[in-house]
Enquirer: 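Here's a structure for you.
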There are 2 protein chains.
Amino acid sequence: MPSSTPGPAPDTTAAPVGRRERKKAATRKAIADAALRLFLERGYDAVGIREIADAADVSTTTLFKHFPVKEALVFDEDDDQEERLLAAVRERPAGTSVPAALREHALTSRLVTPNGDDRLTAFLNLVATTPALRDYGQNMWLRHTTALAHAIAEESGRPADDPTCRALAHFALEAPRAAHGHPDPRAAITSAFDLLERGWGALAG
Amino acid sequence: MPSSTPGPAPDTTAAPVGRRERKKAATRKAIADAALRLFLERGYDAVGIREIADAADVSTTTLFKHFPVKEALVFDEDDDQEERLLAAVRERPAGTSVPAALREHALTSRLVTPNGDDRLTAFLNLVATTPALRDYGQNMWLRHTTALAHAIAEESGRPADDPTCRALAHFALEAPRAAHGHPDPRAAITSAFDLLERGWGALAG
DNA sequence: TAAATAAGTGCAACAACTCAACTTTTGAAT
DNA sequence: ATTCAAAAGTTGAGTTGTTGCACTTATTTA
């Protein structure tokens, strides 16, 4: 997802880290930003690695120390996202159901911007129109589904490969997608998760 | 799937084609066979395109005229398989239900060999242990699911994106997988499809 | 038999990615 | 404060998948 250069981001990892880690994160961000900008300007396939490295003022080897393959430049929040997703389930406030926690997470994640977010739409369009990115994203989505399913299984004391957990994970990740483009995305998400919550509650209180 | 060099294969395309097409198919097969052999011997990543081309006695250019990317060398029956799958549904004998036709197809496809087929197991193992192949295969499976879902929708006069059709397609493709390694695979498949058939019949005769 | 089409070749090149040796920070222990 | 080891970055050369181009050879069709 697009990460704007300015703007007060919620600072997801609120650890007062040293200069080293900050610099590392900075170069990583510089690379990802340069890459996304160029990709949006001229298309994924028309931009080479060297060009991106130049734009970010780094060597190509450095680039590959941060991103294992070209596609990862686009989905650079992959790991963060998965981490936050699992945390939303594992560290949910006491008395909150799993679907409720997932709804909360879906609503606060910036995948659901009330007004049609240009940057997000452009990003989704880039992915949808580039086969390599479509495939990569699809597999990434599958990985997240599996990880979430396992987390849910652990939280609810079910077997790790319980189909119900996988189904819930699947729907929970699908809901925000479906909501995008909807007149009132937040309402769509809320009602979708209401549905999931009732179904889930009927199975295992 | 492995296609042995000798052995009387059922000759899937029973059209008396000209010499040109036969030669083309022959080189294609030579390439795929060489590739699979080398991959099984030394691992996917340890074998280069140039080496495969040499082993099949063709130029790398020719190789890429037959297979668009390296991974396709392994899943070389991709298109044929999908074609047969869709044909099984579309050209099923009158009075046969869709799930029944799919069961028939599943039982006759050589994915279900009664005795533990060494070559098939080796193949599946190769795919499972090679990330690039795992990913590629996963996406291929998804494509087949979509195609089958559309075919089912057309056959049963439902909307093209009907979730029920997609679910049936999903299960129908999953069943053979699940049956693999089962003590009696054919029985497992049969009973799985019995289940699907009853559920399907209960929805739309 | 001649023209048209398709398969295959050889070679050079590009782009993604890796490797090894080396320099410059930075964090921390003495 | 000084020293030292690890981490981040650079440089440059190499490997590998993949493509483009100009060309030959075989098969089909007219």
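The structure presented is a predicted model; accordingly, all values stated were derived computationally and were not measured. By convention in this document, chain letters (A, B, ...) are assigned in the order of the sequence lines, proteins followed by strands, and residues within each chain are numbered from 1.
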Enquirer: Tell me which residues in residues 54-63 of chain B put a heavy atom below 4.0 Å from DNA chain C, sorted by number, or none.
Expert: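 Going residue by residue through residues 54-63 of chain B, the ones with a heavy atom under 4.0 Å of DNA chain C turn out to be B:Asp57, B:Val58, B:Ser59, B:Thr61, B:Thr62.
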Enquirer: Using heavy atoms to find the nearest nucleotide of DNA chain C for A:Ile49 and A:Glu21 separately, return the residue whose nucleotide is more 5′.
Expert: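 The answer here is A:Ile49.
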Enquirer: State, yes or no, whether a side-chain contact exists between B:Gln81 and B:Leu85 at a heavy-atom distance under 4.5 Å.
Expert: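 Side chain of B:Gln81 against side chain of B:Leu85, heavy atoms only: no contact under 4.5 Å found.
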Enquirer: According to the ring-ring contact (aromatic ring centres under 6.0 Å, His included) rule, which pairs have a member within residues 128-154 of chain A, sequence neighbours left out?
Expert: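 Those involving residues 128-154 of chain A are A:Phe75-A:Tyr136, A:Trp141-A:His170.
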Enquirer: Can you check the B:Lys24 NZ to D:dT27 P distance for me, whole Å?
Expert: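 For the pair B:Lys24 NZ and D:dT27 P, the rounded distance is 15 Å.
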Enquirer: Return the value, rounded to whole Å, for the distance between atom NZ of B:Lys70 and atom C1' of D:dT15.
Expert: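 Interatomic distance, NZ of B:Lys70 to C1' of D:dT15: 12 Å.
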Enquirer: Considering only heavy atoms from C-beta outward, does the side chain of B:Phe39 approach that of B:Lys70 to under 4.5 Å?
Expert: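 Side chain of B:Phe39 against side chain of B:Lys70, heavy atoms only: contact under 4.5 Å found.
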Enquirer: Whole-Å distance between D:dA8 P and A:His66 NE2?
Expert: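 Checked: the NE2 to P distance equals 7 Å.
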Enquirer: Name the nucleic acid region contacted by A:Lys23, choosing base, sugar-phosphate or nothing; use a 4.0 angstrom heavy-atom cut-off, strictly under.
Expert: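 Sugar-phosphate contact only.
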Enquirer: Would you confirm whether B:Arg158, through its side chain, and B:Asp162, through its main-chain N or O, come within 3.5 Å as a donor-acceptor pair?
Expert: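 No, the answer is negative, given that no donor and acceptor are paired below the 3.5 Å cut-off.
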Enquirer: Determine whether the side chains of B:Arg166 and B:Thr146 contain a donor N or O and an acceptor N or O closer than 3.5 Å.
Expert: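 B:Arg166 vs B:Thr146: donor-acceptor pair found between side chains.
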Enquirer: For a 4.5 angstrom cut-off between non-hydrogen side-chain atoms, does A:Ile31 reach A:Leu63?
Expert: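 Yes; the side chains approach each other to less than 4.5 Å.
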Enquirer: In residues 126-139 of chain A, which residues come under 4.0 Å of DNA chain C by heavy atom?
Expert: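 Those residues: none at all.
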Enquirer: side-chain hydrogen bond (donor to acceptor under 3.5 Å, both in side chains) with B:Thr60: which residues, sequence neighbours excluded?
Expert: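 So B:Thr60 forms no side-chain hydrogen bond (donor to acceptor under 3.5 Å, both in side chains) with any residue.
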Enquirer: If you measure from the Lys or Arg side-chain nitrogens to the Asp or Glu carboxylate oxygens, is any gap between A:Asp78 and A:Arg143 under 4.0 Å?
Expert: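 Looking at A:Arg143 together with A:Asp78, the answer is yes, because their closest N to O distance falls below 4.0 Å.
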Enquirer: Would B:Arg92 and B:Glu104 count as a salt bridge (charged side-chain N to carboxylate O under 4.0 Å, His left out) if you check the C-alpha gap in whole Å, the side-chain angles of each, and the deciding distance to 0.1 Å?
Expert: CA-CA 10 Å; B:Arg92 67 189 188 282; B:Glu104 198 48 36; over 6 Å; no
Enquirer: Starting from the C-alpha separation in whole Å, work towards a yes-or-no answer on salt bridge (charged side-chain N to carboxylate O under 4.0 Å, His left out) for A:Arg42 and A:Glu51.
Expert: CA-CA 12 Å; A:Arg42 323 212 314 266; A:Glu51 199 175 349; 2.7 Å; yes
Enquirer: Of B:Val69 and B:Arg19, whose nearest nucleotide on DNA chain D comes first from the 5' end?
Expert: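 Mapping each residue to its closest nucleotide by heavy atoms, the 5'-most match is B:Val69.
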Enquirer: For the pair A:Thr130 (side chain) and A:Leu126 (backbone), establish whether a donor and an acceptor sit closer than 3.5 Å, ignoring hydrogens and angles.
Expert: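 Here the side-chain-to-backbone pair exists.
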Enquirer: In this structure, how many angstroms lie between the C1' atom of D:dG20 and the CZ atom of B:Phe64, rounded?
Expert: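 From B:Phe64 CZ to D:dG20 C1': 13 Å.
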Enquirer: Return the angle between end axes of the helix from C:dT1-D:dA30 to C:dT30-D:dA1, with five pairs used per end and rounding to 10°.
Expert: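 It works out to 20° between the end axes.
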Enquirer: Using the salt bridge (charged side-chain N to carboxylate O under 4.0 Å, His left out) rule, take B:Arg103 and B:Glu197 through it: C-alpha gap first, then chi angles, then the decisive distance, then the call.
Expert: CA-CA 9 Å; B:Arg103 172 182 50 208; B:Glu197 190 160 17; 3.5 Å; yes
Enquirer: Below 4.0 Å from chain B heavy atoms, what is the first contacting nucleotide of DNA chain C and what is the last?
Expert: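 Going 5' to 3' along DNA chain C, contacts run C:dT5 to C:dA13.
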Enquirer: Can you name the one residue among A:Leu36, A:Asp33, A:Ile52 that meets side-chain contact (heavy atoms from CB on, under 4.5 Å) with A:Leu73?
Expert: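 Answer after filtering A:Leu36, A:Asp33, A:Ile52: A:Ile52.
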Enquirer: Rounding to an integer number of Å, can you tell me how far A:Lys65 NZ sits from D:dG9 P?
Expert: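 Going from NZ in A:Lys65 over to P in D:dG9 covers 8 Å.
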Enquirer: Can you check the B:Ile52 CD1 to D:dG17 P distance for me, whole Å?
Expert: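 Nearest whole value for this atom pair: 8 Å.
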Enquirer: So if I take every side-chain heavy atom of A:Arg20 and compare against D:dA7, D:dG17, D:dG9, which nucleotide ends up nearest?
Expert: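 Out of D:dA7, D:dG17, D:dG9, the nucleotide with an atom closest to A:Arg20's side chain is D:dA7.
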Enquirer: In whole angstrom, what separates B:Glu71's CD from D:dT16's P?
Expert: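 Distance check: B:Glu71 CD to D:dT16 P gives 16 Å.
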Enquirer: Any side-chain donor paired with an acceptor under 3.5 Å for B:Ser109 and B:Arg84?
Expert: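 No, because no side-chain N or O of B:Ser109 sits under 3.5 Å from a partner of the opposite role on B:Arg84.
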Enquirer: Using atom CZ of B:Arg50 as one end and atom C1' of D:dT19 as the other, report the distance to the nearest whole Å.
Expert: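 My rounded result for the distance is 12 Å.
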